[in-house]
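A short write-up of the structure that comes next.
In what follows, chains carry the letters A, B, and so on, assigned in the order in which the sequence lines appear, proteins first and then strands, with residues in each chain numbered from 1. These figures come from a predicted structure and were not determined experimentally. Only heavy atoms go into these numbers, but all of them, side chains included; no hydrogens, no water, no symmetry mates.
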Amino acid sequence: MAGNLWEVPANFPHVDPENVAAAQQGDALALDRLLDELAPYVRRLCARIAPAAADDATQEALLAVFRGLPSLRAPEAIMTWVRSVTVRTAIRLARQQDLEVAADETMTDRSASSPEKLVDIDDVLARLPVSQRVVLVLRVREGLSEQETATTLGIPAGTVKSRLNRARAAFREAWES
Amino acid sequence: MTYPATSSGIDPVDRLAILAAALPGAAVAQRRIAAPFDAVWRVIADLEHATPRYEPGVVRVRVTEQHGELLRLLVQDTAGREHAMDARLRPGWCLMQSATVVTAFAARRLGSQTLLAHLEHERPQTPVPRRSQPHDRGAALAKIDQELRTIERLAVQNRH
């Protein structure tokens, strides 16, 4: 049901600060454990923002996170940083995927996304434009405040608010169609 | 030391690439091994007997502790020195680390064959990590390639 959309899940996974510090120093076993801690969260975000490219987005986001980890200056803020890196990566891959789908649709009909096949919220979210989908995912599914959403996306809070209004309207329209 | 009970769900070879991204200067290579996954992994997991056969710098390996996936090893090098290593071992994933080196294997099933990836990394001993020079890197990759070929030979023998 549409009501499930407004449930707020637990936000960040638990990450051991001592393990993060060891990982930043190149301790491979600490890196291995950090990967176990981060991967489910990164995968969840990618699956919601870039559902058609979730595996690629997850791998690219984790590569970017681990590449940047040694130089992360505020390890206590690691999850905020991981979220930003993941969201940016997922948006980029979602837009690429949308372009590819748009190109394909010039040659094929759109029966695969007909309304009767929309069975749950994620299907409806996947039909929204990336810019609207991502604010709904962060604000509603991930439970971020407007300011946190704005910081993560690097846009003003007012833009988040207006995008969110448009996204909610588009979601309702898609859900009821 | 505790680890999450659930796996991250990431393919081991992809996981190795992510690990390497956080270890500047790490050398990684992979080889399609003409033997099934189980035969290849029997070689990798047999740390005490197989490691000295493919790793030229190692004479002896002894597993001193094991708690699930986590192991403690005592490794003797060709100069007779002993090094303590911590390791994490499960099917498709083997990560070993001493105070000075990291080495890892990751395997993916490819039908009746196996994709085996191998990482070697010298841990920086100074605050500023030293990037490996091109000739160091070439030598490290050649060593890894040789080790992968030896592992393939052992795995093919193991298949029967």
Side-chain angles (χ1 to χ4, degrees), chain A residues 10 12-48 51 53-73 75 78-79 81-82 85-86 89-90 93, chain B residues 1-26 28 67-73 84-90 92-106 108 119-131:
Chain A
F12 288 150
H14 171 72
V15 173
D16 177 359
E18 286 184 16
N19 192 59
V20 174
Q24 285 197 286
Q25 297 301 312
D27 179 330
L29 288 162
L31 286 163
D32 195 41
R33 186 155 52 148
L34 184 63
L35 185 50
D36 280 335
E37 291 172 337
L38 296 181
Y41 175 71
V42 169
R43 180 176 292 281
R44 185 181 79 201
L45 268 182
C46 289
R48 286 175 171 168
D55 287 347
D56 288 349
T58 302
Q59 180 71 10
E60 287 203 25
L62 286 168
L63 280 169
V65 165
F66 275 67
R67 201 175 291 124
L69 190 66
S71 52
L72 177 65
R73 288 186 181 175
I78 183 172
M79 288 313 303
W81 174 70
V82 167
V85 171
T86 302
T89 305
L93 268 75
Chain B
M1 187 184 292
T2 58
Y3 280 84
T6 54
S7 158
S8 63
I10 298 172
D11 167 83
V13 175
D14 291 342
R15 186 182 184 92
L16 194 71
I18 295 167
L19 183 72
L23 298 173
V28 185
H67 303 284
E69 294 182 354
L70 302 179
L71 290 80
R72 288 275 287 175
L73 312 172
M85 296 192 90
D86 291 305
R88 193 180 184 190
L89 175 69
R90 62 169 178 271
W93 184 249
C94 177
L95 173 61
M96 296 177 278
Q97 174 174 260
S98 73
T100 55
V101 298
V102 175
T103 180
F105 289 97
R108 177 191 298 162
L119 173 148
E120 293 198 356
H121 174 62
E122 281 186 34
R123 299 181 72 185
Q125 302 301 304
T126 56
V128 180
R130 184 181 71 97
R131 288 258 173 197

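Proximity to chain B (any heavy atom under 4.5 Å) is shown, for A/D27, by both the backbone and the side chain. Contact of B/I18 with chain A is made through backbone and side chain together, with heavy-atom distances under 4.5 Å.
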Original post:
For B/H121 and B/Q97, what are the C-alpha separation, side-chain angles and deciding distance, and is it a side chain to side chain contact (heavy atoms under 4.5 Å, CB included)?
Top reply: CA-CA 9 Å; B/H121 174 62; B/Q97 174 174 260; over 6 Å; no
**OP:** In sequence, state the C-alpha distance, the side-chain angles, and the governing distance for B/L73 and B/M96, and then conclude on side chain to side chain contact (heavy atoms under 4.5 Å, CB included).
**Re:** CA-CA 9 Å; B/L73 312 172; B/M96 296 177 278; 3.7 Å; yes
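Using modelled atom types, no side-chain atom of A/Q24 and backbone atom of A/S71 make a donor-acceptor pair closer than 3.5 Å.
Here the CG atom belonging to B/L89 is positioned 10.0 Å from the CG atom belonging to B/L95, to the nearest 0.5 angstrom.
Interface summary for chain B: among A/Q25, A/Q59, A/R67, the most heavy-atom pairs under 4.5 angstrom belong to A/Q59.
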